[in-house]
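None of the values given here were measured: they were computed from a predicted structure. Atoms considered below: every heavy atom in the structure, side chains included; atoms not considered: hydrogens, waters and symmetry mates.
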Amino acid sequence: MAIGATTSFSSIFASSIFSSLLSVSGSRRNFFIPINLARTLASTHSPFKHIHKHHVVNAVGRNLSCESTASADVSTSSSILTSNNSYPPYGRLLPCPSQMGPPRVEHLVVSEGGPVLEFISKSLNLPPLFVADLIHFGAVFYALVCPDPPQSATPEQIKAFKKYTDPLLLRQRSSIKGKTIREAQKHSALLALMSLLKLVLTCVHPKRFPRCYEIDWRSRIIAVTESYVVLDKPAGTSVGGTTDNIEESCATFATRALGLQAPLRTTHQIDNCTEGCVVLARTKEYCSVFHGKIREKKVKKLYLALAAAPVSIGVITHYMRPVNIAPRLISEDFISGWRLCQLEVLECRKVPWPNSIMEEKNNIEDCGWPTKDFAYECKINLLTGRTHQIRTQLAACGAPLVGDSAYMPAAIAEANCPGLNPFGKNKKEYTDDDAKALAIEEWIAHHGKEPSVAIGLQACHISWDDGEHSYEAGSPWWSDKVLVLFARVPSSSPILFLNIKLILYIRWRLSYGTTSEREMYENFAELFAIIKATEKLEKAYVRDIISPAESSSNCGAPGSCGYVIHYAAAIVAECVQNFITAMDSLKLNMVAVDQVHPLLSDLSASLNKLSILPPDFEGKTKMREWIARLSKMGAADELTEQQARQLHFDLESSYNSFMAALPTAGT
C-alpha cells in the first residue's frame, strides 16, 4: 500500500471509539503480548517517506490514579515543534509517576526511513526517552486498520483515507485474514506482522496500575509447578496487562518475583477490581492446554461476593447483550442473540458492613448505598464465564457488590424509580424501537465508572480435572482479622484499649503500608502510646478516680506507667498475631509437627504473659493439650485432615473467647 499524500488527521473522538481501541477490561480479551518483540520497535526502521497523523482523545476522559510529572509538556500539540529541535523535560514513566495526562492516542501512517523511536519523537514532539518507555510498556505497536476519520476532516483528507483503507485493498493483507474490517480496527494487531503494516498506533498516556509497586508479590504466590503458577491476584491490578500497558501486570510482576527467565502467560482473566485465584502458564503449550480445559468446562471457579442486600440461594439466569463495551446489559427474558449467563448462589450469610479502616485501605468507593450496617457474603459457583457477570447479575437482583461504582448507582436508581431498567422486572412497554433505544441510553447513563481499586468480589477457589488440581485464595479483604479487631476496640474503653487500638493500627501499617509509612510509624509508635496513656492517667488523678498511692504504685518513675500499659497492649497484640498466624498456617496446609508445634508454643507463651486471663482460660487449656499431643509425635509427622480441622476449630473458638474476655478485663 504505497502512500504518496501528506494529509493530516487531527480530531477529538467519541469515547466509544477510544474505548474500542484501548479498553481491555471492556473486551476481556485473553492475550499474551511478546515483550521482546515490543522492544524491537525501538530499533525498527520504517521503509516509507511521508506521515499521516490521526490524533485521538477521549472526549469523556478517564480517571487515573497516577499522572505524569510532565503531563503538560508531553501532551503538547504534536503540530508544534520547538525551534531548536529540543524536547520538553521528561519525568520517567517507571515505576509510576504521581500524575498522568488525559488519555491520548496517535495514529501515524509512516512512509519515511529511520528508527521508529526517532520517527515518533519527531512526529509528536516527545522526548526520545519517553517514547522508549512507551515502547517498553507496549504502548507503541503496528495497527491493522486506521480508525474512521473525524467529522472535521476535509474532502481531500477523506479521499486520501478512502484510498488507503479501501476494504478490497485491506482484505488482500494476510495480517487481517479471517477478521472483519471492524474486528481488525478494534483489536489493533498487538505488535503482529510488523513488516506488513504501515500504521503505527502510539498510546501517549497509557493506563497505569500504581498498586503493582505496593504489593509483596512473592507473598501472593499460591503454588508453583513445572507447568503453571497460581497467583492470589490483588485488586487494582491487571492479570495480563492492557492494550497500552503490558509492563504493569500480574504476569510481569509475578515473573520477576519468582526469578523466571520465560515470562508467565495469561490463561484466563478476572476484572482489575477483583482479587483472587489466577492461573498463569509457564509455557505456551500449557497455556493452550488450559484454554482447552476452559472450553470443555473442566475448570471450576468459586467466588465470594460481598453484596449490599441478601441474595436467594439457587441458580440465577439472565441473558447478556452481545456488545463488548461496559456497562454490560442483561435481561431476565430470553432475547435472540443475547448470551446465556448463569451462576449458582451456594451460600448467603449476613456479615457486618466493612468498617472505614477496611474501606480506606482498599480504596472502596462510597456509591451511595442507603444503609451500611450489614452486608451479605455470598459463595457463588460461576456456571458461565461472561465479563462482569457476577457484578451485573447481582445488581439486577437489587444486590450490587460493595464498592462497585459501575453497577451500584444503576441499581439504586432502579430501586428509587422502578421501570427505569428497560430489561428489568418492572420494565415498561415501549411504543416503538426509537423509544426503547432512548430508554436504553438513559439506563446506561445511570451506570458509573469502573472502580479504581477493589470491590466486594474474590475468586476464592479454582480447580480442574475433577479436583486433581485445587487451590484456595487467602481471606478476602473484608475479612482481615486484624482490621476487624481494630474496629471492634471501642474508643470509650479505658487506657489499655486505647493502646490496643494504637498497637493494632501500627501492626497493620507495618504489614500493609509503604516503606516510608512503616518507618514513620516505627519512629512515633511508642512515643505516642506513652503520651496517650499518661494523658488518661493524669485525667483520672485530677478527677480523684485513682488515689495518689495508686498512681505512684502503678507508675513509679516518670514515664514508666505509659511503658507498663504499652507493654500490656503489646502482649494483647502479640496474642492476636499468634492466633492469626496459627490459623492461616493451617489454611496454607502447613500441618507438619515441626511447623505447627512452634506456632502453638508461641501462642501459649503469649497467652500466659497476659495476667488478665484466668489460669483456666479456654485458650490456655486447649493449647496445652495440643502441645502435649504434638510432643508425642515425630517432627516429620503430619496432622490428618480431621486433626487439622479440629485444631483450626479450637483456635477459632479460643480466639473468640479471647476477644470476649478483653472488654471484661478492661473494665
Side-chain angles (χ1 to χ4, degrees), residues 3 5-11 18 21-22 33 35-58 66-97 99-143 146-147 188-191 194-195 197-208 242-248:
I3 298 179
T6 58
T7 55
S8 173
F9 296 134
S10 180
S11 70
F18 180 82
L21 291 168
L22 288 186
I33 303 174
I35 297 176
N36 293 333
L37 182 60
R39 292 168 187 167
T40 61
L41 278 170
S43 58
T44 301
H45 286 62
S46 306
F48 311 114
K49 294 183 179 180
H50 297 292
I51 305 170
H52 297 274
K53 263 193 308 195
H54 201 148
H55 184 191
V56 184
V57 178
N58 184 4
C66 56
E67 303 176 10
S68 170
T69 53
S71 58
D73 296 318
V74 298
S75 60
T76 303
S77 173
S78 57
S79 62
I80 302 175
L81 297 175
T82 54
S83 58
N84 58 0
N85 202 29
S86 62
Y87 295 103
Y90 169 50
R92 293 298 297 270
L93 280 172
L94 293 173
C96 192
Q99 299 178 354
M100 175 62 71
R104 175 186 172 191
V105 178
E106 297 279 359
H107 288 80
L108 306 176
V109 180
V110 188
S111 38
E112 69 175 17
V116 168
L117 187 152
E118 182 179 332
F119 162 72
I120 295 174
S121 297
K122 290 181 179 179
S123 302
L124 303 180
N125 190 33
L126 298 175
L129 189 59
F130 180 85
V131 177
D133 279 352
L134 290 178
I135 293 172
H136 178 78
F137 265 53
V140 178
F141 45 87
Y142 289 91
C146 184
S188 300
L190 298 175
L191 300 169
M194 294 189 300
S195 61
L197 304 171
K198 302 175 183 179
L199 178 66
V200 176
L201 190 149
T202 304
C203 304
V204 181
H205 297 155
K207 180 177 174 62
R208 304 305 303 275
T242 58
T243 308
D244 54 354
N245 187 345
I246 59 176
E247 167 67 23
E248 294 168 342

Problem - Under 3.5 Å: donor-acceptor pair, side chain of Asn245, backbone of Lys207 - result: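 Yes.
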
Problem - Nearest heavy-atom neighbours spanning Pro206 and Ala139 - result: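 Looks like CB-CB, 4.3 Å.
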
Problem - Shortest non-hydrogen contact from Ala132 toward Leu117 - result: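 That would be CB-CD1, 3.7 Å.
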
Handout entry: Single hit among Val140, Leu124, Ile120 for side-chain contact (heavy atoms from CB on, under 4.5 Å) with Glu106
Key =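 That would be Leu124; it is the only one of Val140, Leu124, Ile120 passing the side-chain contact (heavy atoms from CB on, under 4.5 Å) with Glu106.
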
Problem - Atom pair CG/NE2 of Leu134 and His205 - distance to nearest 0.5 Å - result: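 Separation between the atoms: 8.5 Å.
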
